Amino acid sequence: MAKKKKIAAEVIAQDVIAEGIMDLRLKTDLAEDANPGQFIGIYPKNKSTLLPRPISICGYDKNEGTLRIVYRIAGSGTAEFALYRPGNHVDILGILGNGFPTDKAQGKRVLIIGGGIGVPPLLGLAKELKEGLGENFAEDITMVMGYRNSETFLADEFRNYGNLFIATEDGSVGTKGNVIDACRENKIEADVIFSCGPMPMLRGVAAYAKEISAKAYISLEERMACGVGACLGCICKTKNVDEHSHVNNARICTDGPVFDADDLEL
Amino acid sequence: MAKKKKIAAEVIAQDVIAEGIMDLRLKTDLAEDANPGQFIGIYPKNKSTLLPRPISICGYDKNEGTLRIVYRIAGSGTAEFALYRPGNHVDILGILGNGFPTDKAQGKRVLIIGGGIGVPPLLGLAKELKEGLGENFAEDITMVMGYRNSETFLADEFRNYGNLFIATEDGSVGTKGNVIDACRENKIEADVIFSCGPMPMLRGVAAYAKEISAKAYISLEERMACGVGACLGCICKTKNVDEHSHVNNARICTDGPVFDADDLEL
Amino acid sequence: MNTTVNIAGVTFKNPVMTASGTFGSGMEYSEFVDLNRLGAVVTKGVANVPWPGNPTPRVAEVYGGMLNAIGLQNPGVEVMIERDLPFLKDYDTKVIVNVCGKSTQDYVDVVEKLSDQSGVHMLEINVSCPNVKEGGIAFGQDPKALFEITKEIKKHAKQPIIMKLSPNVTSIAEMAKAAEAAGSDAISLINTITGMKIDIYRKTFAIANKTGGLSGPAIKPVAVRMVYEASHAVNIPVIGMGGIANAEDAIEFMLAGATGVAVGAMNFHDPYATLNVIEGIERYMTEQGIDDINDIIGAVK
Amino acid sequence: MNTTVNIAGVTFKNPVMTASGTFGSGMEYSEFVDLNRLGAVVTKGVANVPWPGNPTPRVAEVYGGMLNAIGLQNPGVEVMIERDLPFLKDYDTKVIVNVCGKSTQDYVDVVEKLSDQSGVHMLEINVSCPNVKEGGIAFGQDPKALFEITKEIKKHAKQPIIMKLSPNVTSIAEMAKAAEAAGSDAISLINTITGMKIDIYRKTFAIANKTGGLSGPAIKPVAVRMVYEASHAVNIPVIGMGGIANAEDAIEFMLAGATGVAVGAMNFHDPYATLNVIEGIERYMTEQGIDDINDIIGAVK
Ligand SMILES: Cc1cc2nc3c(=O)[nH]c(=O)nc-3n(C[C@H](O)[C@H](O)[C@H](O)COP(=O)(O)OP(=O)(O)OC[C@H]3O[C@@H](n4cnc5c(N)ncnc54)[C@H](O)[C@@H]3O)c2cc1C
Ligand SMILES: Cc1cc2nc3c(=O)[nH]c(=O)nc-3n(C[C@H](O)[C@H](O)[C@H](O)COP(=O)(O)OP(=O)(O)OC[C@H]3O[C@@H](n4cnc5c(N)ncnc54)[C@H](O)[C@@H]3O)c2cc1C
Ligand SMILES: Cc1cc2nc3c(=O)[nH]c(=O)nc-3n(C[C@H](O)[C@H](O)[C@H](O)COP(=O)(O)O)c2cc1C
Ligand SMILES: Cc1cc2nc3c(=O)[nH]c(=O)nc-3n(C[C@H](O)[C@H](O)[C@H](O)COP(=O)(O)O)c2cc1C
Ligand code: FES
Ligand code: FES
């Protein structure tokens, strides 16, 4: 694995793809090391905010050396990022985290479940599982994405990689309800589930995985300071004693963000 | 007097006029109220620095509504200002301070002495005394400006308003030495002296004024927080009890920055 | 919508005040702010006689804030009575006079001279200024000394008193309790935290006094914590301050337990800060469906 | 040019260290920084047995810094001996192990277990962590308790010890003197200042533990002041920290009286911060014509 770095990346393009949701492309050598489910830390220029913002990698082009991230404007850091224009530079830290264990998908029926701002990292995953150069091709890919309303960002791109179901809170598109409602409604079966989204949804996913006897790999979020495993800020509770920490805590930034749901105390 | 305001001003132009010396023009309604010797506070955008930077008004055009300031890159705030380009906006506080008592110049032989970054505010003063719309025309204007070396910024412009002598530390232009050396060398006489520059120079100016029996009005500098007379950060020592403070201190930001040298404990 | 709060029997139209020493006597900032809009004007500390204060430099900028060692320069209480109080009387706002001294008698003198001033609604007793050598902070760092001076001042004060606490202590709860036990009607906190800045090129202190008081957004987390601890330790109202720049900050202090809030150093960054805080609080109340500001005081436990 | 400093008989190639808890055991940041360049690696606090630490959220960003309440999660001293110390032995740097505990016996246990570890050059005793309920900070806020525990630890420690002081006290000089009187070989300061952040929309504390320790540039003026006061109160060497981001900051601490300096939270902002500090100090020495770094220690009085 390549060494982590903090380096300046160049903004190539930035677009609004839904209300308050930005699609940003960066030119950076870090693209070389990117895998689905990993993330980068982005440093705001605002000198009153010193910590990197963890943002998942939504896509990458290793030949062109570009990273794509899709993020929601949530506070002062992301509001600042949204102002960047092509040619601007931004400091990023990466590549961080373990990423999805795509090898578990080989020859399996894969279900990818995303909710809200947990949707973007799954796009890179779907692409890798469908087109990736490794031998990790899934037998087939079903996707369920949950949104608030009809602003179903990235949905069209997901359709390139398999069968997509949508759930919306307001019922404007697909199933009215959450992603688990959509899974049930469509009686979706799978061997392996990959998921990213808010914690209540992930609990639902873990339960659904049990119901359909699938393995679930879920990507977690937590407040981070260092992003590299040093500060112990970002832990999650594990069922067994963690190898590194020797207590029932794993570091989301380095041991995760993706975990086998069976290993976690959710 | 118009009320003080904090408002956004637009950068019209910015040029380097000597090594590390910037010439900035701002479009702002505050220009209307500007007088020579007054200053504005400029707020850096860097969020770790919250206090306004006091910078003297070097010139103004009341018809066009523009202010001109000339400043040295001295630290993080001024380094930031130096990056501004036409079209950028910057928050300014003003108009601050009392300004030079131009009425004292009426019909008098005026000597204007500036040193280093104390030079710029005197340009606006010279212009006002020569061309001003009030009745404050001086009988004649002699100017002595002190610089480090041959980078005698603004000197050409001063020549429009009277006789200019130059002193340089390295002797590359005019008198080798300081402004007082230049005054002596040229046996300059005057009724009224207006001056701005570092404190040791101002002490020299006050002494020289005594020698030639002139009145001296000098502009002081001190670290400021509020700029509007509220914090009592920026005081200078006065010979008599000050009317506002009831102790021997005057506020440079509001009672000054220009004082009758006879009133000060230098 | 009710934004009025009551502190020791005095009703404020809203909880937003100015922090002593950052707003002069109100005159300077009245060019920017309609003083009628403020909950209260808290004046610069005043002593029995004029004080010249410390040598300059008295202020220095630091990351997210500033240091000051003004040393409580003030024109004395007589000038305040003759010049500043009449000016403030024309405004429909409450007036809190901040009182300083070097000895207990100094404080008592000022308090007595102000006792028949109807234009003074409360007295804030500054026993926490880190920038004067004698008195001042000594009273504010020892619970026993704080108790004694509070008791003595309370004997002579006609207006309700607010003891202003220093953050430079091991236990703010203990100090708050001492003030309450001695009869203080309210407490305010925090005063500045003692700090230092050294100019590494000139090899000198940035402040002539060597140390100065740190204020501004940098100290806000410490201030919020202390307001929380103090307000949980006593039953008298708390006025919170320390780095308040906007309505979010002010609301944070109120949720932590403050009945009133004061804007200090950030007036220098934004002369309209007090007004912005007032308007922002009203917006927050509307958005959150809060009818009475008193409902948020100490609401996060 | 001499950049080596001596602290209690241990020679450091330069004064720049990592602040405990912000650099793991050195392993994590060795991807960014050649540990051979550092004066010392100071490890995360370690107890006699593994500690699970506090619930999340454990960290929160604030203006110019952060709050943390990790709660001293650590794998226990056995793991440190088996895993981390062997890793560090391969580097040409000094190793300072930060020790935590809930009772005096806890501390003594760790100190004894480390006593025959030649790879451990000094022990830093953390009696100032504000984020654990028992022990910890209690020892660090009372001079008598500090004296007692220091004395006890000193009896069992084979390596020189550094008592790490809490800034959450009325008089840092008194605490420094207590540590010195009890035989501490050096002191380090400051640990974090207790702070709080409230999320006004969710109406909750930003940190699950309610309070957290404030660190980062926001606290630097307080840290510099305390290093100045402590170093003037004692004759043992002082290691300074609190908000150091660059060489200018580090030099400021040294001019105030620090013999060593540590970079903490700013590693998170800039993983190369320690190297930048080291290089910047060398540049400053060249520019200012300083041959020996020891000449600047305490040079501003
Ligand atoms: C592993 C990981 C991957 C993520 N991927 C994405 C993504 O692809 N797209 C996206 O929009 N968001 C993502 N997030 C959430 C994103 O990190 C936050 O929305 C962002 O940090 C908010 O920063 P801010 O300055 O705008 O908000 P502020 O609220 O001003 O931030 C203040 C502090 O809180 C932290 N913070 C705030 N919200 C969160 C959060 N939800 N999770 C972690 N830290 C937070 C910030 O990093 C910062 O330190 C991810 C979070 C994690 C942990
Ligand atoms: C009334 C007045 C008029 C001035 N006019 C001019 C001018 O026309 N042109 C010009 O180049 N400079 C002028 N100065 C000096 C100018 O204010 C400083 O150079 C500037 O504030 C430096 O800011 P900085 O952020 O670049 O430096 P930093 O050193 O990073 O500033 C840190 C803090 O110190 C203050 N500070 C630093 N140097 C000075 C100084 N010399 N005087 C007062 N405060 C200082 C800053 O305002 C800021 O609060 C004037 C100062 C005063 C008081
Ligand atoms: C320049 C200045 C002068 C001050 N003078 C006084 C004073 O006279 N009396 C007092 O009680 N507090 C004084 N303070 C402290 C403030 O009232 C306030 O408690 C402190 O600054 C914290 O609030 P802030 O961070 O909003 O500034 C002063 C603060 C500053 C910055
Ligand atoms: C995330 C984090 C964890 C910390 N853990 C410890 C610790 O285990 N032991 C200790 O003595 N200090 C600990 N500290 C305090 C730092 O070592 C340092 O004293 C403090 O953060 C001030 O320095 P800074 O502002 O440079 O971070 C920790 C600080 C942070 C930010
Ligand atoms: S963010 Fe520091 S360990 Fe994960
Ligand atoms: S800067 Fe505040 S009184 Fe002059």
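In this text the structure is predicted, and so the values were computed from the model without any measurement.
- Comparing Asp270(C), Val79(C), Val62(C) by heavy-atom pairs within less than 4.5 Å of chain B, the highest count is held by Val79(C).
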**Request:** Start with the C-alpha distance between Glu124(C) and Asn98(C), add both sets of side-chain angles, then the distance that settles side chain to side chain donor-acceptor pair (under 3.5 Å), and finish with yes or no.
**Result:** CA-CA 5 Å; Glu124(C) 181 179 52; Asn98(C) 183 275; 2.8 Å; yes
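- With hydrogens and angles disregarded, a donor-acceptor distance shorter than 3.5 Å links the side chain of Glu80(B) to the backbone of Lys45(B).
- Between chain C and the options Asn46(B), Asp242(B), Asp91(B), Val228(B), heavy-atom pairs under 4.5 Å are most frequent for Val228(B).
- Taking the ring axis of Tyr43(B) as reference, the NZ or CZ atom of Lys6(B) stays within 45° of it and closer than 6.0 Å to the ring centre.
- Of the listed residues (Cys236(B), Gly229(B), Gly41(B), Gly227(B)), the one with the most heavy-atom contacts under 4.5 Å to chain C is Gly229(B).
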**Message:** Before you tell me yes or no, could you show the steps for Asn98(B) and Asp255(B) under side chain to side chain donor-acceptor pair (under 3.5 Å), namely the whole-Å CA-CA distance, both residues' side-chain angles and the distance that decides it to 0.1 Å?
**Reply:** CA-CA 6 Å; Asn98(B) 59 357; Asp255(B) 306 318; over 6 Å; no
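- Residue contact with chain B, scored on non-hydrogen atoms closer than 4.5 Å, involves the backbone of Phe23(C) exclusively.
- Chain C forms more heavy-atom pairs under 4.5 Å with one residue of Ile235(B), Leu93(B), Thr49(B) than with any other, namely Ile235(B).
- Counting heavy-atom pairs closer than 4.5 Å to chain B, the top-ranked of the candidates Pro52(C), Gly53(C), Ala206(C) is Pro52(C).
- Cation-pi check for Lys62(B) over Tyr60(B) is met; the charged atom lies under 6.0 angstrom from the ring centroid and within 45 degrees of its normal.
- Only the side chain of Met266(C) comes within less than 4.5 Å of a heavy atom in chain B; its backbone stays farther off.
- For Asn267(C), no part lies under 4.5 angstrom from a heavy atom of chain B.
- The most heavy-atom pairs under 4.5 Å with chain C, out of Ala230(B), Cys226(B), Cys234(B), come from Ala230(B).
- Looking at heavy atoms from C-beta onward, Leu123(C) lies in side-chain contact with Leu114(C) at the 4.5 angstrom threshold.
- A 6.0 Å sphere centred on CD of Glu19(B) holds no more than 12 heavy atoms belonging to other residues, nucleotides or ligands.
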